[in-house]
Amino acid sequence: MCGRFALYYSREQLERVAGTTRWADAKDQEKRYHYQPRYNVAPQQTVPLLRTVSGERVLQPMRWAFPIRGRTFGKGESPPIVINVRAETALEKASFRSALDAGQRAVVIANGFYEWSAADAPGEQQDVGKIKTMTKASRIPYFIYHGVTKRESKDHLAPRNAHDMIDRPLFMAALFVEETEMNRFAIFTVAASDKIQWMHNRMPALLETEDQLQAWLDVEQVPARVAVHRCLQPTEQIVWHPVSNTVSSVKNEGPSLIEPRRDEPGKKPGLDIRSAFARGLKRSPSAQDLQAPETKQMRHTYQANR
DNA sequence: CCAGACGTTGTT
DNA sequence: GTCTGG
DNA sequence: CCAGACGTTGTT
DNA sequence: GTCTGG
């Protein structure tokens, strides 16, 4: 997973969250990069990553596509890349060994990431034989993030909008390769936490504490073996809400992409009649649910805030 | 030394 | 179905 | 991750 | 091509 995320801090907020105002000396392609807030960052695109250079934190634009060795490619064929690295096996993989040994670890700063639900949520397992229950288009995207805590917000039961609920940055463990034009990266993945297992089996490796963040970035002192093991720790500090399928197209951008999904009666995007039936009684939580959390789905969400 | 792999995801 | 592009 | 394409020839 | 496993 983690094939899409949001990083919509202002430049100033980003630098504050990153703990540095220093940007790496720009390579050719990086010079043409100008940071701007994004709600729909997709693979192959460029975002600033946090890394350590000479013991100092710096932000550096990198491209989300980690090249791996592969079969020699014929004309017109593009070289193989990955966007994720399985943390469990990263140390055994030839393609990642040199980057790991060289301490090319970095951190993707994000406000949250998106996951598209697996075909069936729990209790919805359907025996529909050999017929696919859900078309790709009918999968529901969720925005997943560190939420406000009860302590931090008295209004947590009645957030006005998505932005009110999201106040903590997300740090995702990443690995990069040095390239002349622009460095390239992939995001580590781990087993999904129990909370979101029903929607997906994998999730990005999140660095939850300042200690974890620091260890991941301290490539001088912390060997890859240790760092990777530490990022496998389960991460439970997450909440989520469903969002519109608008986010599914990389052409779309803007704050509306993280707003809680609104049910559109008679106009459920991509939900064919079979999968609608398969979904049964379960309905998507509406914006109203957010203000009056009553559904199982939303209890889930607010429980996560404890 | 050579042979064979070289990523991840999801889905069935 | 599978690959490419974003 | 999803959406969208998925091809060649000759000719201008 | 280059790394790992045998």
Side-chain angles (χ1 to χ4, degrees), chain A residues 1-7 29 33 36 38-47 62-102 108 110 112-121 124-144 172-177 182 184-192 196-205 240 242-253 257-258 269-271 275 278:
Chain A
M1 332 330 225
C2 199
R4 216 69 78 80
F5 64 89
L7 171 54
Q29 276 188 31
Y33 171 80
Q36 65 178 119
R38 297 282 311 278
Y39 289 82
N40 199 2
V41 178
Q44 303 288 4
Q45 298 181 345
T46 301
V47 282
M62 301 191 199
R63 187 175 182 214
W64 190 4
F66 187 106
I68 57 170
R69 267 189 295 275
R71 67 197 182 289
T72 48
F73 35 88
K75 53 179 186 292
E77 206 176 331
S78 41
I81 60 110
V82 291
I83 61 171
N84 294 137
V85 177
R86 289 182 69 90
E88 298 91 329
T89 54
L91 293 159
E92 305 158 12
K93 301 289 185 178
S95 295
F96 307 132
R97 181 71 55 88
S98 61
L100 284 167
D101 288 348
V108 177
F113 62 94
Y114 299 97
E115 295 285 15
W116 280 257
S117 65
D120 297 313
E124 293 182 344
Q125 293 298 331
Q126 298 296 311
D127 183 11
V128 288
K130 295 165 176 57
I131 302 161
K132 289 197 170 98
T133 53
M134 219 179 220
T135 63
K136 256 195 172 185
S138 65
R139 296 167 58 131
I140 293 176
Y142 291 80
F143 188 57
I144 305 169
M172 303 190 281
L175 189 69
F176 68 90
V177 289
M182 165 119 57
R184 303 210 215 172
F185 73 95
I187 297 173
F188 280 83
T189 61
V190 297
I196 60 168
Q197 194 79 55
W198 61 270
M199 76 167 87
H200 240 87
N201 59 339
R202 306 288 297 172
M203 65 182 283
W240 60 88
V243 296
S244 158
N245 285 82
T246 312
V247 74
S248 297
S249 172
V250 299
K251 293 177 301 187
N252 297 325
E253 254 300 343
L257 298 190
I258 67 164
L271 202 63
S275 54

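Values below: every heavy atom of this structure, side chains too, minus hydrogens, waters and symmetry copies.
- Per the geometry, CG belonging to A:Asp101 stands 14 Å off C1' belonging to E:dT4, to the nearest Å.
- Atoms CG (A:Leu100) and C1' (E:dC3) sit 14 Å apart, rounded to a whole Å.
- If you measure from atom CD1 of A:Ile81 to atom P of B:dT9, you get 13 Å, rounded to the nearest angstrom.
- Comparing B:dC6 with D:dG4, their C1' atoms sit 29 Å apart, to the nearest whole Å.
- Taking atom OH on A:Tyr114 and atom C1' on D:dC1, their separation rounds to 12 Å, with Å as the unit.
- The main-chain N or O of A:Ala94 is found under 3.5 Å from a side-chain atom of A:Arg69 such that the two form a donor-acceptor pair.
- Among the nucleotides D:dG4, E:dC3, C:dG6, the one closest to any side-chain atom of A:Arg69 is E:dC3.
- The phosphate of C:dT4 (OP1 or OP2) has a side-chain N or O of A:Ser78 nearer than 4.0 angstrom.
- Distance, A:Ile83 CD1 to C:dG6 C1': 11 Å, rounded to whole Å.
- Across all strands shown, A:Phe96 has heavy atoms under 4.0 Å from sugar-phosphate atoms exclusively, and none from any base.
- Rounded to whole Å, atom C1' of D:dC1 lies 9 Å from atom CG of A:Asn40.
- Summarising the base pairing, B:dA5 is matched to E:dT2 through a Watson-Crick or G-U wobble pair whose two defining distances lie under 3.5 Å.
- For the C1' atoms, the distance from B:dA3 to D:dT11 is 50 Å, rounded to whole Å.
- Ion pairing of A:Glu88 with A:Lys93 is absent here, as no side-chain N (NZ or NE/NH1/NH2) approaches a carboxylate O to less than 4.0 Å.
- One C1' atom belongs to C:dT2, the other to B:dT9, and the distance between them is 14 Å to the nearest Å.
- Taking atom P in both E:dG5 and B:dT8, the straight-line distance is 15 Å, to the nearest Å.
- Contact annotation: A:Arg202 side-chain N/O to B:dT9 OP1/OP2 distance is under 4.0 Å.
- Checking D:dG4, D:dC1, E:dC3 against every side-chain atom of A:Trp116, the shortest atom distance belongs to D:dC1.
- Residue A:Ser249 has no polar side-chain atom (N or O) positioned under 4.0 Å from OP1 or OP2 of C:dG6.
- On the P atoms, D:dG7 is 11 Å away from C:dT4, given to the nearest whole Å.
- With hydrogens and angles disregarded, a donor-acceptor distance shorter than 3.5 Å links the side chain of A:Ser117 to the backbone of A:Ile140.
- No donor-acceptor pair under 3.5 Å is formed between the side chain of A:Glu115 and the backbone N or O of A:Phe143.
- Between A:Arg86 atom CZ and B:dT8 atom C1' there is a gap of 8 Å when expressed in whole angstrom units.
- Nucleotide E:dC3 holds its P atom 10 Å from the CZ atom of A:Arg97, rounded to whole Å.
- Panel note: side chain A:Asn40, backbone A:Asn252; a donor-acceptor pair is recorded below 3.5 Å.
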